[in-house]
Amino acid sequence: MSLWYNLVIAKIDLAAIAHNYELLKTKGSKLIPVIKADAYGHGLGPVAVKLAALGATQMAVGTVHEAAALRLTPFEGRIISLLGPQTDDDCSHVLTFGITPVLYRLDQLRMLGEAIGGNDKQVDVVLKFATGMNRLGFDPDETDVVIGELQNMACVGVHGVCSHLASADVPGDASVTEQAGRFERVCAKFREAGHTFQSNLANSAALLAYPELKGDAQRPGIALYGANPFYGTAWEKKGAGLRPAMEVRAPVLSVHALKKGEGISYGLTFRATKDMTVAIVGVGYADNYSRGLSNTGEMVLRGHRVPVLGRVCMQLTAVDVSHVPEAAPGDEVFVLGGDKNSVTPEELAAWWGTIPYEVFCLLGQNKREYVG
Ligand SMILES: *Cc1c(COP(=O)(O)O)cnc(C)c1O
């Protein structure tokens with residue numbers, strides 16, 4: 001929480017998240033908003049409360065502890081823990097807080113069964129299968145074994161069967177239909193065994209691009225926060241209309257001249273080739289504004305793009321304001337967003353050498369304020 005002492009502020013527009021949710025609702029049938037990792041940096045509680053007010057009855061978070069934290073907010077619906085229980089302690093959290101865990105190992109299923117023990121309290125679970133991404137999930141070849149195990153566990157109800165797509169955001173990637181085929185065969189076996197459950201496969205990209213893979217429910221994350229998973233691809237239009245919900249700003253601490261030939265910041269990696277004016281902004285890598293943006297990033301000051309000069313420091317970054325003569329200490333500088341010439345999440349991610357997901361998760365750790 002030490003970031004909260006710093007000068008950087010992340011403004012979260014809950015109305016933009018609501019707009020994105022409504023847009024996604026027109027593409028899906030039943031949405032399970034993914035609000036893991038503190039709602040991708042947008043704030044677990046405020047985002048959950050907003051989505052619940054719009055009718056969301058299930059949400060997916062990361063750890064069991066994050067699920068317990070969500071249970072302490074006014075959201076009363078179903079809470080799915082995507083990472084599931086790892087320890088006995090996690091299993092008791094599942095029971096105490098009424099969490100629906102995602103399970104992907106047999107020993108995990110047995111551990112949960114033991115935690116329920118004599119008490120015949122029914123726990124709903126979601127079973128995850130690895131259909132091609134090969135990260136977490138039962139092997140589809142194990143489906144009969146899993147179904148057999150469940151026959152001895154009357155206390156466990158199958159709420160959902162899920163899988164995760166590796167390349168839904170790569171237009172036309174053949175792995176998507178391959179994974180969908182394997183997933184459908186797993187679901188068919190569960191149906192044949194008499195289970196009624198919610199199948200869910202689609203993430204944001206699949207929800208936007210593959211209506212035939214809707215299943216019973218969909219798990220959008222990034223699109224809720226306004227980044228287009230198809231940005232820069234031939235399918236970019238499929239994500240049209242999404243609105244970024246995070247804007248990040250920091251104040252100007254100093255404005256001064258940098259004379260031709262002078263360098264700036266550690267290592268003097270930028271040297272002025274003409275007389276310039278620079279502003280020193282109160283943001284740096286301690287605020288999760290990556291040092292990788294040195295000599296590369298751009299910010300927005302009074303509606304003008306201002307390029308980063310030299311190295312990003314721990315709490316300070318220099319920008320070129322030679323073309324913004326009115327720049328003054330106290331001015332707000334946008335490192336993400338801004339009213340005019342705004343920095344988009346995709347642009348910032350490209351300068352940073354990453355994706356909007358990481359930009360949101362990291363910059364969202366700053367002090368947040370909410371509108372909408
Ligand atoms: C994070 C996550 C999602 C959401 O993915 P987006 O690309 O953000 O839409 C869906 N399902 C699982 C299992 C996830 O971990």
Side-chain angles (χ1 to χ4, degrees), residues 17 20-21 23-25 27-28 30-42 44 47-48 51 56 58-64 66-67 70 78-84 99-105 108 125-138 159-171 173 175-176 179-180 183 186 198-211 213-233 235 238-239 242 244-246 345-346 349 354-362 364:
I17 295 178
N20 298 331
Y21 179 76
L23 191 154
L24 294 171
K25 250 182 20 186
K27 318 262 180 191
K30 195 161 181 47
L31 300 188
I32 307 173
V34 178
I35 57 171
K36 69 189 180 205
D38 210 14
Y40 293 39
H42 294 70
L44 186 69
V47 171
L51 294 173
Q58 318 181 56
M59 300 197 203
V61 297
T63 64
V64 165
E66 192 175 31
L70 180 56
R78 185 182 293 277
I79 301 175
I80 297 170
S81 160
L82 293 168
L83 299 178
I99 295 161
T100 303
V102 172
L103 304 180
Y104 41 83
R105 301 192 320 259
Q108 206 181 21
V125 302
V126 175
L127 299 163
K128 184 170 188 175
F129 285 82
T131 57
M133 171 130 168
N134 299 320
R135 194 176 57 174
L136 291 182
F138 295 106
H159 167 70
V161 175
C162 80
S163 186
H164 196 44
L165 295 166
S167 300
D169 56 355
V170 181
D173 197 87
S175 70
V176 176
Q179 284 197 252
F183 182 62
V186 169
Q198 195 176 61
S199 66
N200 53 94
L201 176 65
N203 55 5
S204 296
L207 175 58
L208 291 168
Y210 297 92
L213 301 186
K214 257 198 324 216
D216 300 323
Q218 306 81 36
R219 305 186 309 269
I222 195 69
L224 279 175
Y225 309 105
N228 180 354
F230 294 111
Y231 174 81
T233 75
W235 285 7
K238 293 184 191 287
L242 295 167
M246 185 185 290
E346 290 87 358
T354 183
I355 52 177
Y357 296 71
E358 189 178 6
V359 168
F360 291 154
C361 286
L362 292 178

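Whatever order the structure lists them in is the order used to number ligands and atoms, beginning at 1.
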Check whether any N or O atom of Ala223, backbone or side chain, sits under 3.5 Å from an N or O atom of ligand 1, and answer yes or no. no
Give me the residue, atom name and distance of the protein heavy atom closest to atom 11 (N) of ligand 1. Arg219 NE, 2.8 Å
Can you sort out which atoms of ligand 1 are near Tyr40, meaning under 4.0 Å from one of its heavy atoms? 1 (C), 4 (C), 5 (O), 6 (P), 8 (O)
Interfacing atoms of ligand 1 (cut-off 4.0 Å, heavy-atom, Lys36): 1 (C), 2 (C), 3 (C), 14 (C), 15 (O)
Stepwise side-chain hydrogen bond (donor to acceptor under 3.5 Å, both in side chains) test for Gln179 and His164: CA-CA 9 Å; Gln179 284 197 252; His164 196 44; over 6 Å; no
Distance under 4.0 Å to a non-hydrogen atom of Lys128: what atoms of ligand 1 satisfy this? 13 (C)
Tell me whether the centres of the aromatic rings in Phe129 and Phe138 are closer together than 6.0 Å. yes
Does the separation of the ring centres of Tyr40 and Phe360 fall below 6.0 angstrom? no
Among non-hydrogen protein atoms, atom 7 (O) of ligand 1 lies closest to Tyr357 OH, 2.6 Å
Ligand 1 atoms in contact with His164 (distance to a heavy atom under 4.0 Å): 2 (C), 3 (C), 10 (C), 11 (N), 12 (C), 13 (C), 14 (C)
Sequence-distant partners of Lys25, salt bridge (charged side-chain N to carboxylate O under 4.0 Å, His left out), two or more places apart: Glu22
To the nearest 0.5 Å, what is the distance between CG on Leu165 and CG on Asp173? 10.0 Å
Please determine, by modelled atom types, if Asn203 and Arg219 share a side-chain donor-acceptor pair under 3.5 angstrom. no
Nearest 0.5 Å, what's the CD1-CG distance between Ile32 and Leu51? 13.0 Å
Minimum-distance protein heavy atom relative to atom 9 (O) of ligand 1: Ser204 OG, 2.5 Å
Side chain or backbone, does Leu82 bring an N or O within less than 3.5 Å of an N or O on ligand 1? no
